[in-house]
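The structure presented is a predicted model; accordingly, all values stated were derived computationally and were not measured. Sequence lines set the chain letters: A, B, ... in the order given, protein chains first and strands last, and positions in each chain run from 1. Heavy atoms only: backbone and side chains are in, while hydrogens, waters and symmetry mates are out.
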Number of protein chains: 2
Amino acid sequence: MTTDPVSAVFAALADPTRRAILARLATGDATVNELAAPFPVSLQAVSKHLAVLERAGLITRTREAQWRRCRLDPAPLRTLAEWVDQYRRLWDERYDTLDDYLRAQKETRHEQAP
Amino acid sequence: MTTDPVSAVFAALADPTRRAILARLATGDATVNELAAPFPVSLQAVSKHLAVLERAGLITRTREAQWRRCRLDPAPLRTLAEWVDQYRRLWDERYDTLDDYLRAQKETRHEQAP
DNA sequence: CGTATATTCAACCTGTCGGTTGATTACCCA
DNA sequence: TGGGTAATCAACCGACAGGTTGAATATACG
């Protein structure tokens, strides 16, 4: 499996359970059992999800006695934010155009349009 | 297949070919043939990729004679940017902490470590 | 030492993904 | 009307994703 890192991150985030796990971890570290509790799937399934998140670099896991503490690593999310930002211009443009239009409307409401 | 919209967008972006197609469309509309040209896969495969992107709301397609003009719709990317932004605090915090650490290191470089 | 707890490993099943090839539809043009 | 071009539909295939259950491993604790 030689998937590129960006694809790995997107793929990891393309699952609601995994996104929920991340949301939970955003509030603080947790063990596998703690993370699995809210979900209607087996512990093993959650363990697999965590492996996916770890491979994508979104979490790190450290051993602590018989527990494995999971911690969110936001670095890939930062990369992702930068990737999406490449396209920001596109929707900004659209909004700018709307803004311009509304502004122009307001300014020239009592005049005639060009 | 009742996948939620966010998952659909992430899944659509989890493929390098589809991301390349989006990058191409960011420079302007294109037909299926034009989009397929750079890739070493069949036209049908690209057509499928476009269907995925369309289902995710990332592109729209309009008929024009025998051509089908594809246009990027940045709206889902904006949604995605907002999603990622939920986590911005986390990496900002971390970098602040790193900054603090480095600053502290610099200041106490001539003293002994704790 | 033996047992309980936390977690992963292994094997398996089903459905979806990305790709192929071949046939089909839709449109233009001479 | 018939041929050429653009694109999709349909059927198929191998690989992988997400789920299960059952066994194995690691660590603490009495």
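- With sequence neighbours excluded, the residues that form a ring-ring contact (aromatic ring centres under 6.0 Å, His included) with Trp83(A) are Phe10(A), Tyr87(A).
- Applying the ring-ring contact (aromatic ring centres under 6.0 Å, His included) rule to pairs touching residues 38-80 of chain B yields nothing, sequence neighbours excluded.
- Each of Ala11(A) and Lys48(B) was assigned the nucleotide of DNA chain D with the nearest heavy atom; the assignment lying further toward the 5' end belongs to Lys48(B).
- Among pairs with a residue in residues 31-45 of chain A, none fulfils salt bridge (charged side-chain N to carboxylate O under 4.0 Å, His left out), at least two apart in sequence or across chains.
- Legend: residues meeting side chain to side chain donor-acceptor pair (under 3.5 Å) with Asp29(A), ordered by chain and number and at least two apart, are Arg71(A).
- Between Leu58(A) atom CG and Leu25(A) atom CG the span is 10.0 Å, to the nearest 0.5 Å.
- In this structure, the nucleotide among dT20(D), dA7(D), dT8(C) sitting nearest to the side chain of Val32(A) is dT8(C).
- Nearest to the side chain of Ser47(A), among dT8(C), dT7(C), dG19(C), sits dT8(C).
- Screening residues 7-19 of chain A for salt bridge (charged side-chain N to carboxylate O under 4.0 Å, His left out), with sequence neighbours left out, gives Arg19(A)-Asp4(B).
- Among the heavy atoms of the strands lying under 4.0 Å from Arg61(A) are primed sugar atoms or P, OP1, OP2 only; no base atom is included.
- Listed nucleotides: dA7(D), dT21(D), dG18(D). Nearest to the side chain of His49(A): dG18(D).
- Residues meeting the salt bridge (charged side-chain N to carboxylate O under 4.0 Å, His left out) test with Arg24(A), sequence neighbours left out: none.
- Under the salt bridge (charged side-chain N to carboxylate O under 4.0 Å, His left out) criterion, Glu54(A) pairs with Arg61(A), sequence neighbours left out.
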Legend entry - Structure string for DNA chain C in dot-bracket form, Watson-Crick and G-U at under 3.5 Å, | interchain: ||||||||||||||||||||||||||||||
Between protein and nucleotides 23-30 of chain C, what N or O pairs are separated by less than 3.5 Å?
none

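- Near-neighbour residues of DNA chain D inside residues 16-30 of chain A, defined by a heavy atom below 4.0 Å, number-ordered: Arg18(A).
- With sequence neighbours excluded, the residues that form a salt bridge (charged side-chain N to carboxylate O under 4.0 Å, His left out) with Glu82(B) are Arg78(B).
- For Arg88(A), the salt bridge (charged side-chain N to carboxylate O under 4.0 Å, His left out) partners at least two apart in sequence or on another chain are Asp85(A).
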